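Worksheet: one structure, shown below.
Per chain, numbering begins at 1; letters A, B, ... match sequence-line order. All of these numbers come straight from a predicted model, not from anything done at the bench.
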Protein chains: 2
Amino acid sequence: MIIHIEPHADTPIYTQLTKQIIEGIARGYMRPGDSLPSVRALAGDLGVNMHTVNKSYHELEKRGIIRIIPKSGAVIQAPVVVTQDSHHYEHITDELKSAIAEALVLGIQTEQVEELVTSIIQDLHAEAEKK
Amino acid sequence: MIIHIEPHADTPIYTQLTKQIIEGIARGYMRPGDSLPSVRALAGDLGVNMHTVNKSYHELEKRGIIRIIPKSGAVIQAPVVVTQDSHHYEHITDELKSAIAEALVLGIQTEQVEELVTSIIQDLHAEAEKK
DNA sequence: GAATTTGTTCTATACAATATAGAACAAATT
DNA sequence: AATTTGTTCTATATTGTATAGAACAAATTC
């Protein structure tokens with residue numbers, strides 16, 4: 001899986017990495033049960049510091065996406081049933097609400113927002129089916 | 001309109017303010033053409049620094065939501081037709097993609113994501129109709 | 001069993017971002 | 001004429017981000 005980091009973007013490196021790993025899993029480039037590269041190996045590939053990758057991995061663990069096994073490695077979690085009162089669900093809802101509110105204020109109509117969401121989901125699923 | 005700031009949250013104060021103003025407009029608490037309070041007045045109400053409010057206002061202007069008239073004030077912009085190649089559209093798409101990818105990875109199904117989006121839109125529109 | 005790799009923990013440094021404070025300015029409003 | 005407005009400037013303190021290196025113990029590999 002290809003990861004591209006822009007060192008001087010306004011988004012922190014560890015956040016760029018976290019987002020791209022999540023999108024990579026959504027696209028099916030990596031599957032539940034798969035191991036992520038070691039923090040040293042990935043840091044070497046990306047040309048960033050070990051601690052930066054480590055911070056991203058712990059961010060992913062906090063969001064319930066991977067499981068870090070001490071002294072061993074990081075494994076992609078199997079999807080669990082997310083209840084509406086979990087903090088994971090609240091986090092997703094908050095992110096969606098921010099984006100949707102901004103879209104509506106800018107004049108994007110309700111139907112267009114829903115169509116955009118559908119097309120994003122289709123885009124994410126597109127390549128996942130090939131695997 | 002009620003704005004609540006948490007000074008010690010991990011989200012910067014100016015970002016909290018920007019999001020809540022956007023949501024407030026989406027809910028119809030403020031309308032296009034309305035003026036925002038002066039940076040000094042709002043800073044006083046919220047108990048934060050003038051420059052923090054100013055930074056939020058300029059963030060809103062950069063996103064096309066308000067227009068700052070020098071030496072006068074800030075006015076909420078009228079919604080414009082957003083084309084798919086505008087940077088506003090790209091920004092919305094990126095935010096939605098991040099949230100949706102995370103939702104799918106956590107095991108929220110496609111239909112549930114679409115239902116969640118619909119319910120968020122309804123929630124935002126709920127009070128706007130009363131006005 | 002020995003060597004290597006693993007995440008973890010610690011100190012240290014450099015730089016940028018955030019937030020506050022105060023002052024001064026010129027234009028707009030009252 | 002007085003006040004309010006956003007703007008601009010200096011200044012400071014704190015936090016966040018990123019890098020660097022070292023050391024450790026557990027896990028894995030050979």
Q) Salt bridge or not for B:Glu61 and B:Arg67, using N-O below 4.0 Å? A) no

Q) Is A:His51 side chain donor-acceptor paired with the D:dG21 base, going by distance under 3.5 Å alone? A) yes

Q. Going by atom types only, do B:Glu114 and A:Thr118 share a side-chain donor-acceptor pair under 3.5 Å?
A. yes

(Q) Please report the distance, rounded to the nearest Å, between CD1 in B:Ile68 and P in C:dA28. (A) 16 Å

**Q.** Nucleotide D:dG6, atom C1' - distance to CG of B:Leu36 in whole Å
**A.** 13 Å

**Q.** A:Ala41 vs A:Asp10, nearer the 5' end of DNA chain C by closest nucleotide
**A.** A:Ala41

Q. So does B:Lys55 get a side-chain nitrogen or oxygen closer than 4.0 Å to the phosphate oxygens (OP1/OP2) of C:dT18?
A. yes

Q | Euclidean distance, atom CG of residue A:Asn49 to atom C1' of C:dT11 [Å, nearest integer] | A | 14 Å

Q: State the pairing partner of C:dA12; accept Watson-Crick or G-U wobble contacts with both distances under 3.5 Å, and report none otherwise.
A: D:dT19

Q. Could you state the CE-P distance from B:Met50 to C:dT18, rounded to the nearest angstrom?
A. 17 Å

(Q) Can you tell me which nucleotide in C:dT6, D:dT19, C:dA19 comes closest to the side chain of A:Val48? (A) D:dT19

(Q) Check this one for me: any side-chain N or O of B:Ser38 less than 4.0 Å away from OP1 or OP2 of D:dT5? (A) yes

Q: Report yes if a side-chain nitrogen or oxygen of B:Tyr57 is closer than 4.0 Å to either non-bridging phosphate oxygen (OP1 or OP2) of D:dG6; otherwise report no.
A: no

**Q.** Distance-only donor-acceptor check, side chains B:His91 and A:Glu102, under 3.5 Å
**A.** yes

Q. When you check the gap from the basic side-chain N to the acidic O, do B:Lys97 and A:Asp123 get nearer than 4.0 Å?
A. no

Q | Of A:Ser72 and A:Thr15, the one whose closest DNA chain D nucleotide lies more 5' | A | A:Thr15

Q: Could you tell me whether the phosphate oxygens of D:dT7, OP1 or OP2, come under 4.0 Å of any side-chain nitrogen or oxygen in B:Lys71?
A: no

**Q.** A:Tyr14 OH to D:dT19 C1', straight-line distance once rounded to whole Å
**A.** 16 Å

Q.
Check this for me, if you would: do A:Glu23 and A:Lys19 make a salt bridge, where the nitrogen-to-carboxylate-oxygen distance has to be below 4.0 angstrom?
A. no

Q. A:Leu42 CG to C:dT6 P: how many Å, rounded?
A. 12 Å

Q | Lys/Arg-Asp/Glu bridge criterion (N-O < 4.0 Å) met for A:Arg63, A:Glu59 | A | yes

Q: Starting from P on C:dA19, measure out to CD on B:Glu6 and report it in whole angstrom.
A: 13 Å

**Q.** Selected nucleotide, minimal atom distance to A:Pro12 side chain, candidates C:dT6, D:dG6, D:dT17
**A.** D:dT17

(Q) For C:dG7, does the base pair up with any side-chain atom of A:His58 as donor and acceptor (N or O, under 3.5 Å, distance only)? (A) no

**Q.** C:dT30 - base-pair partner by Watson-Crick or wobble geometry, distances under 3.5 Å
**A.** D:dA1

Q: Nearest whole angstrom, please: distance from the P of C:dG22 to the CG of B:Asn54.
A: 17 Å

Q: Both distances under 3.5 Å, Watson-Crick or G-U wobble: report the partner of C:dC25, or none.
A: D:dG6

